[in-house]
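Report on one structure; see the data block that follows.
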Amino acid sequence: MVITIDGAGGTGKSSSAKLLAQKLGYLHLNSGTLYRWITYNALQQHLNLHDSDVLLSLAKKLDYQNIDQNMVQSPEVSDNVAQVAKIPSIRELVLEIQRQYAQDKDIVVEGRDIGTVVFPDAEYKFYFTASLDIRAKRRYEQLKKNGLEVDYAQIRQSIADRDKQDMEREHSPLRKADDAIEIPTDMITVEEGVDIILAEMQLLG
Ligand code: C5P
């Protein structure tokens with residue numbers, strides 16, 4: 001069984017996806033991490049992020065089992081990942097990685113295009129939303145907790161820029177699948193988000 005959670009950065013989908021998977025005893029796949037891992041390695045190697053051939057050949061060689069979860073969350077990766085995620089050949093590769101990983105598994109997969117493109121036939125689909133200010137605040141607190149020097153206005157701008165790129169790209173842009181249930185998260189906690197999902201799943205049967 002596949003459960004998809006899509007939405008923009010900072011909507012709380014990662015925390016909720018993780019907790020939901022834990023509660024159900026399912027696997028959890030954060031697809032953003034895959035795009036971030038490619039971006040992180042490309043930046044490390046000073047590659048041209050607009051050169052799709054060079055990026056694809058790097059992406060094919062990477063080990064996706066051992067992603068450095070700390071490094072991929074750096075602001076530098078956040079500022080560049082949408083450019084890498086725009087490239088159709090990179091999206092195709094990541095799509096295959098996700099489908100292979102999820103095959104015959106009970107899994108919660110989160111991202112931007114999971115319900116629309118990667119698993120259009122998923123049993124349950126959810127779409128998280130939240131205002132830009134709330135999302136920027138959450139991101140700010142998270143980075144500060146991780147010991148990074150952060151500027152709120154810069155973070156807010158960076159999130160707005162990434163939203164724009166993710167929503168306006170030609171291939172699999174961020175959008176709600178027609179059959180996804182929308183969950184606004186401005187006023188709710190991670191646990192409450194998970195409870196809403198579990199209740200909807202029971203209702204849907
Ligand atoms: O979820 P997260 O913020 O870590 O995702 C980082 C970036 O990866 C997104 O801004 C987007 O550009 C890209 N992404 C994507 N499709 C997904 C997941 C992430 O394009 N399914």
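By convention here, the first residue in the shown sequence is residue 1. Whatever order the structure lists ligands and atoms in, that order sets their numbers, starting from 1. Values below: every heavy atom of this structure, side chains too, minus hydrogens, waters and symmetry copies.
With rounding to the nearest 0.5 Å, the separation of OG1 in Thr11 from CZ in Arg135 is 7.0 Å. Remark: Asp161 CG to Asp79 CG distance equals 8.0 Å, nearest 0.5 Å. Note that the CG atom of Leu56 and the NZ atom of Lys61 stand 10.0 Å from one another [nearest 0.5 Å].
The heavy atom nearest to atom 3 (O) of ligand 1, out of those in Lys86, Arg112, Gln165, is found in Arg112.
When each of Asp195, Val194, Ile183 is checked for a side chain to side chain contact (heavy atoms under 4.5 Å, CB included) with Ser16, only Val194 meets the rule.
When only interatomic distances are considered, the shortest N/O to N/O separation between Ser31 and ligand 1 falls below 3.5 Å. Checked by distance only, ligand 1 and Glu110 stay at 3.5 Å or farther apart across all their nitrogen or oxygen atoms. Considering backbone and side-chain atoms alike, Asp113 places an N or O below 3.5 Å from some N or O of ligand 1. Not one N or O of Asn30 is nearer than 3.5 Å to an N or O of ligand 1, by distance alone. Residue-to-ligand polar distances keep Gln73 apart from ligand 1: every N/O pair is separated by 3.5 Å or more.
Listed by number with element, the atoms of ligand 1 under 4.0 Å from a non-hydrogen atom of Val81 are 6 (C), 7 (C), 8 (O). Counting atoms of ligand 1 from 1 in the listed order, those under 4.0 Å from a heavy atom of Ala85 are 12 (O), 13 (C), 20 (O). Set against the non-hydrogen atoms of Ile114, the atoms of ligand 1 under 4.0 Å away are 21 (N). Each of the atoms 1 (O) of ligand 1 lies under 4.0 Å from some heavy atom of Lys13.
With a heavy-atom cut-off of 4.0 Å, Arg169 touches ligand 1 through its side chain alone.
Counted by atom type alone, Ser158 and Arg139 present zero donor-acceptor pairs between their side chains at under 3.5 Å.
Annotation: Gln45, atom CD; neighbour count of heavy atoms from other residues, nucleotides and ligands within 6.0 Å is above 12.
Asp6 has no carboxylate O lying under 4.0 Å from a charged side-chain N of Lys176, or vice versa, which leaves the two without a salt bridge.
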